[in-house]
Amino acid sequence: MSSPSTKTLDHIVHLTPPGSVNEVSRQFRDLGFQVLPGGTHAGGLTENALVVLQDGAYLELISFTHPVSHYPPGSPERQKRDANPWASKDPGWIDYAFLGSSGTSISELINARAKKDKSRIRYDPEVDGGRERNDGKVLKWRISAPSQDTGRGVAPFFCGDVTPREWRVPLDLPSNAEHPSGVLGIAYIRILVEDSDLSDMKANMTSVVGRSPVSNTSRRATWVLDTPRTDVAGGKPRLIISVPETADERWTLRERGEGIYEVAFLVRSGMKAGQAWTPYGKIIWLKG
């Protein structure tokens with residue numbers, strides 16, 4: 001039995017302040033995205049809306065349902081809120097996921113690969129997750145995430161569906177992936193890291209993806225990813241890990257720490273071009 005792929009882009013996570021899913025949905029519609037309702041995650045700590053793309057990947061517009069102050073200090077609910085891996089994240093692009101597996105342990109697969117490669121990345125054992133859609137349908141999945149001390153938000157987590165993926169990513173209606181902006185799919189995700197960490201991060205990502213980068217310099221490395229559906233015009237998405245190259249990038253790295261700096265989208269010819277803000281994260285528009 002062949003091992004599952006560990007380089008299929010599933011979704012990108014965009015965080016906004018507590019209780020702001022409706023507001024961020026409006027903001028993304030103003031940017032030219034069609035936004036679909038999501039639901040509340042198991043445990044009730046977070047809720048989301050979705051932007052699904054023709055390549056099968058999607059954007060998760062997520063927020064906590066309540067601020068930290070809503071939960072009494074020392075209560076079980078407060079402990080769960082504080083333990084969430086995104087609890088201390090600033091709004092913006094905070095994480096991304098590759099497509100996982102419900103039948104194979106992605107963490108064991110990557111950890112064995114990392115041990116062989118002598119890279120430092122390690123993944124924690126799988127945990128169950130889920131969400132109830134607004135129509136009452138209950139979704140279930142398994143999460144494989146990097147250990148907190150080895151790069152959460154720089155290395156991806158994996159989401160392996162237990163229930164059908166089309167329940168989680170509503171692409172059964174092609175119109176769900178049609179956007180006024182002309183967006184077709186993801187062109188690239190660019191992650192900023194410190195100069196001193198670049199070498200380790202290259203080794204870590206090679207162990208995660210299972211392949212060496214297609215481009216590798218002293219300043220950046222690039223991997224080619226797959227998508228859940230057929231490729232859109234413009235080709236497969238790229239994952240880029242680089243050190244900062246401008247004053248703004250250096251400021252962002254200093255203020256936000258290592259993680260996603262910008263997300264680029266492939267758009268139809270004659271549509272959007274240049275860049276925009278979400279307003280918490282940077283967007284690049286590229287002609288497909």
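Proximity of the aromatic rings of His41 and Phe64 is defined here by a centroid distance below 6.0 angstrom, and this criterion is not met. Between His14 and Phe28, a ring centre-to-centre spacing shorter than 6.0 Å is recorded. Between Phe33 and Trp285, the gap from one ring centroid to the other is short of 6.0 Å.
Taking the ring centre of Trp223 as origin, the terminal cationic atom of Lys7 falls outside the region bounded by 6.0 Å and 45° from the ring axis.
In this structure, NZ on Lys137 lies 12.0 Å from CZ on Arg131, to the nearest 0.5 angstrom. Once rounded to the nearest 0.5 Å, the distance linking CD1 of Ile12 with CD1 of Ile189 reads 3.5 Å. Of the inter-residue distances, the one linking Leu192 atom CG with Ile240 atom CD1 reads 10.5 Å to the nearest 0.5 angstrom. The distance from the CD1 atom of Ile106 to the CZ atom of Phe158 is 6.0 Å, given to the nearest 0.5 Å. Taking CG of Leu198 as the reference point, atom OG1 of Thr217 lies at 7.5 Å (rounded to 0.5 Å). Between Glu108 atom CD and Ser3 atom OG the span is 11.5 Å, to the nearest 0.5 Å.
Closest heavy-atom contact between Pro180 and Met271: O-CE, 3.1 Å. Considering every non-hydrogen atom in both Leu286 and Ala187, the closest pair reads CD1-CB, 3.9 Å. Contact record, Ala87 with Arg81: CB-O, 3.3 Å, taken as the closest heavy-atom pair. What you find for Ser119 and Ala203 is that their closest heavy atoms are CB-O, 3.7 Å. When every heavy atom of His66 is checked against every heavy atom of Pro18, the shortest pair comes out as C-CB, 3.7 Å. Closest of all the heavy-atom pairs between Ala114 and Arg122 is CB-NH1, 3.3 Å.
Under 3.5 Å, the side chains of Thr6 and Arg113 contain a donor-acceptor pair of N or O atoms. In this model, no donor atom of one side chain and acceptor atom of the other lie less than 3.5 Å apart for Gln79 and Tyr71. There is a side-chain donor-acceptor pair under 3.5 Å between Glu126 and Ser107. Side chains of Tyr58 and Asn176: a donor-acceptor N/O pair is absent below 3.5 angstrom, by distance only.
Using a 4.0 Å cut-off between charged nitrogen and carboxylate oxygen, Arg168 and Asp10 count as a salt-bridge pair. Between Glu23 and Arg26 there is a salt bridge, since at least one side-chain N of the basic residue sits less than 4.0 Å from a carboxylate O of the acidic one.
Using a distance-only test at 3.5 Å, with no hydrogens or angles considered, a donor-acceptor pair links the side chain of Thr65 to the main chain of Leu45. Between the side chain of Glu77 and the backbone N or O of Pro72 there is no donor-acceptor pair closer than 3.5 Å. No side-chain donor-acceptor contact under 3.5 Å links Glu255 to the backbone of Trp251. Glu60 contributes no side-chain N or O that, together with a main-chain N or O of Gly38, makes up a donor-acceptor pair within less than 3.5 Å.
Screening Thr163, Val169, Val162 against Arg165 for a side-chain contact (heavy atoms from CB on, under 4.5 Å) leaves a single residue, Val169. Here the rule is side chain to side chain donor-acceptor pair (under 3.5 Å) with Tyr188, and of Glu262, Arg238, Lys236 only Glu262 fits it. The ring pair (Phe, Tyr, Trp, His ring centres under 6.0 Å) test with His11 is passed by exactly one of Phe98, Tyr96, Phe157: Phe157.
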Checklist entry - Checking side chain to side chain contact (heavy atoms under 4.5 Å, CB included) for the pair Leu61/Asn48: CA distance, chi angles, key distance, verdict? => result CA-CA 5 Å; Leu61 311 181; Asn48 69 6; 5.8 Å; no
Next on the checklist: Using side chain to side chain contact (heavy atoms under 4.5 Å, CB included), reason through Asp195 and Arg219 one step at a time and then give a plain yes or no.
Outcome noted: CA-CA 8 Å; Asp195 291 60; Arg219 306 293 291 172; 3.3 Å; yes
Next on the checklist: Please determine whether side chain to side chain contact (heavy atoms under 4.5 Å, CB included) holds for the pair Val193 and Ser242, giving the CA-CA distance in whole Å, both sets of side-chain angles, and the decisive distance to 0.1 Å.
Outcome noted: CA-CA 6 Å; Val193 300; Ser242 77; over 6 Å; no
Item to check | Residue pair Asp128, Arg142: steps toward the side chain to side chain contact (heavy atoms under 4.5 Å, CB included) verdict | outcome: CA-CA 5 Å; Asp128 294 331; Arg142 300 187 76 205; 3.8 Å; yes
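Residues Ser105 and Ser144 have side chains not in contact (no heavy-atom distance under 4.5 Å, counting atoms from C-beta outward). Taking the side chain as every heavy atom from C-beta outward, Pro213 and Thr206 approach each other to under 4.5 Å. Residues Val209 and Val224 are not in side-chain contact: their nearest non-hydrogen atoms beyond the backbone lie 4.5 Å or more apart. Contact annotation: the side chain of Lys282 never approaches that of Val263 to less than 4.5 Å [non-hydrogen atoms, C-beta and beyond]. Val24 has its side chain out of reach of Ser63: every pair of non-hydrogen atoms, C-beta onward, lies at least 4.5 Å apart. Side-chain contact between Val267 and His179: absent, with no pair of heavy atoms (C-beta onward) separated by less than 4.5 Å. For the pair Gln27/Thr278, no side-chain contact is recorded, criterion being any heavy-atom separation below 4.5 Å from C-beta on.
Heavy atoms from other residues, nucleotides or ligands lying under 6.0 Å from NZ of Lys140 number 12 at most.
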